[in-house]
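Numbering of residues begins at 1 and proceeds along the displayed sequence.
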Amino acid sequence: MPHALIVGGTGMLKGVPGYFTQHGYTVSVIARNPNGLNNLIESKSEHGFINPIKVDYSDYYLLEDKLKSAIDNYGKIESAVCWIHSTAPEAPYIIADILNDQNTKCKYFHVLGCEYSLPTKENENLHFTFERFVNLIYKKIILGFVIEDDTSRWLTDTEISNGVIDAVINEKDTFVVGKAEPWEKKP
């Protein structure tokens, strides 16, 4: 059974684990919220399996330990969808390093806020930062906003999940969910 990793799969990405389980994956879901993990387990699929990993990804040592354990128990991870807050700036790289060490190709879908659509030097360098992980196929998913009439609003959790699933299916290097411009229309 193929193995996927979802970081943040009990919040705004809560629809994403279901996509992977419906396609026969074992899905390791990293989340801090035990209630959210329990809800995921209860929404089982006959095709796949949820491996709940309760860990705060800002605890880097525990994150590394739990992720390596998931790989030992369920096999190499083929796809990872990672939504990680800036409060844990090293977590994306710790995860990338562990996935890279599998010595097989892994798709790494990095879910980012709409500020990553701006053409800044930092944003442009993000892709190059991940190039050192030779076994990762790095993809950016940028979460934008919705413009309705003369106003704008943030995406709903359902729109985010559906958009991320669409990005996983389409496998573009950069995929924007919603709109990321014009920037002045951002809510």
Side-chain angles (χ1 to χ4, degrees), residues 1-99 106-116 139-146 153-169 175-178 187:
M1 186 177 286
H3 189 187
L5 171 69
I6 312 295
V7 180
T10 61
M12 56 187 209
L13 298 180
K14 64 186 168 196
V16 178
Y19 166 79
F20 280 97
T21 58
Q22 288 296 324
H23 288 85
Y25 280 74
T26 293
V27 184
S28 291
V29 179
I30 291 177
R32 297 173 288 194
N33 179 345
N35 292 335
L37 284 171
N38 289 338
N39 290 341
L40 270 181
I41 295 167
E42 290 171 8
S43 65
K44 292 180 186 174
S45 165
E46 62 190 56
H47 306 289
F49 171 75
I50 298 286
N51 170 39
I53 302 174
K54 185 188 174 305
V55 65
D56 184 334
Y57 50 67
S58 66
D59 183 339
Y60 298 144
Y61 295 109
L62 190 56
L63 171 64
E64 186 175 341
D65 183 57
K66 296 269 189 171
L67 185 51
K68 285 179 177 179
S69 178
I71 292 168
D72 288 344
N73 290 327
Y74 298 105
K76 294 178 180 183
I77 293 171
E78 296 179 10
S79 291
V81 178
C82 301
W83 166 249
I84 300 170
H85 294 277
S86 61
T87 56
E90 293 303 312
Y93 306 108
I94 290 168
I95 292 167
D97 195 42
I98 293 167
L99 297 176
C106 176
K107 296 173 194 160
Y108 187 104
F109 296 93
H110 197 180
V111 182
L112 301 160
C114 65
E115 65 275 8
Y116 284 90
K139 310 285 185 183
K140 286 192 296 191
I141 301 172
I142 297 172
L143 303 179
F145 49 91
V146 175
R153 64 171 174 79
W154 294 115
L155 297 161
T156 65
D157 288 354
T158 301
E159 290 169 332
I160 290 169
S161 284
N162 290 340
V164 168
I165 291 165
D166 197 24
V168 167
I169 292 167
F175 189 96
V176 178
V177 179

Who passes side chain to side chain donor-acceptor pair (under 3.5 Å) against Asp56, sequence neighbours left out? Ser58
Just jot down the salt bridge (Lys or Arg N to Asp or Glu O under 4.0 Å) partners of Glu90, sequence neighbours excluded, or say none. none
Those residues that, when tested against Asn73, pass side-chain contact (heavy atoms from CB on, under 4.5 Å) (two or more places apart): Ser69
Closest heavy-atom pair and its distance - His85, Tyr57: CD2-OH, 2.8 Å
With sequence neighbours left out, the residues meeting salt bridge (Lys or Arg N to Asp or Glu O under 4.0 Å) with Arg32 are none
Taking every heavy atom of Val29 against every heavy atom of Leu37, the minimum-distance pair comes out as O-CD2, 3.7 Å
Is there side-chain contact between Leu5 and Ser28, with heavy atoms separated by less than 4.5 Å? yes
With sequence neighbours excluded, tell me which residues meet ring pair (Phe, Tyr, Trp, His ring centres under 6.0 Å) with Tyr19. His23
Distance from Ile142 atom CD1 to Tyr116 atom OH, nearest 0.5 Å? 10.0 Å
Residue pairs involving residues 60-69 (criterion salt bridge (charged side-chain N to carboxylate O under 4.0 Å, His left out); sequence neighbours excluded): Glu64-Lys68
Just so I know, are the side chains of Trp83 and Leu143 near enough to count as touching, which here means a heavy-atom distance under 4.5 Å? yes
If you measure from CD1 on Ile95 to OH on Tyr60, what distance do you get to the nearest 0.5 Å? 10.0 Å
Working to the nearest 0.5 Å, report the span between CD1 of Ile30 and NZ of Lys54. 12.5 Å
Smallest separation among heavy atoms of Ala80 and Cys106, with atom names: N-SG, 4.3 Å
Reported CG-to-OG distance for the pair Leu99 and Ser79, which is rounded to 0.5 angstrom: 10.0 Å
Might you work through the side-chain contact (heavy atoms from CB on, under 4.5 Å) test for Val81 and Phe20, ending with a clear yes or no? CA-CA 11 Å; Val81 178; Phe20 280 97; 4.1 Å; yes
Leu67 side chain near Ile94 side chain, heavy-atom distance below 4.5 Å: no
Which residue is it: Ile50, Thr26, Val16? I am looking for the one with a side chain to side chain contact (heavy atoms under 4.5 Å, CB included) to Thr21. Ile50
Taking all heavy atoms of Lys76 and all of His3, pick out the closest pair and write down the distance. O-CB, 3.3 Å
By side-chain contact (heavy atoms from CB on, under 4.5 Å), which residues pair with Pro92, not counting sequence neighbours? Ile84, Tyr108, His110, Phe130
With sequence neighbours excluded, what pairs up with Pro2 under the side-chain contact (heavy atoms from CB on, under 4.5 Å) test? Tyr25, Glu78
Got a second to check how far Leu63's CG is from Ile53's CD1, nearest 0.5 Å? 8.5 Å
Result block: side-chain N/O donor-acceptor pairs under 3.5 angstrom for residues 161-169, not counting sequence neighbours:
{"residue": "Ser161", "atom": "OG", "partner": "Met12", "partner atom": "O", "Å": "3.0"}
{"residue": "Ser161", "atom": "OG", "partner": "Gly15", "partner atom": "N", "Å": "3.1"}
{"residue": "Ser161", "atom": "OG", "partner": "Asp157", "partner atom": "O", "Å": "3.4"}
{"residue": "Asn162", "atom": "ND2", "partner": "Thr158", "partner atom": "O", "Å": "3.4"}
{"residue": "Asp166", "atom": "OD1", "partner": "Asn170", "partner atom": "ND2", "Å": "2.8"}

Between Gly144 and Cys114, which heavy-atom pair has the shortest distance, and what is it? CA-CB, 3.9 Å
Is the closest side-chain heavy-atom distance between Tyr74 and Met1 below 4.5 Å? no
List for me each residue that meets side chain to side chain donor-acceptor pair (under 3.5 Å) alongside Lys107, sequence neighbours excluded, and say none if there are none. Glu171
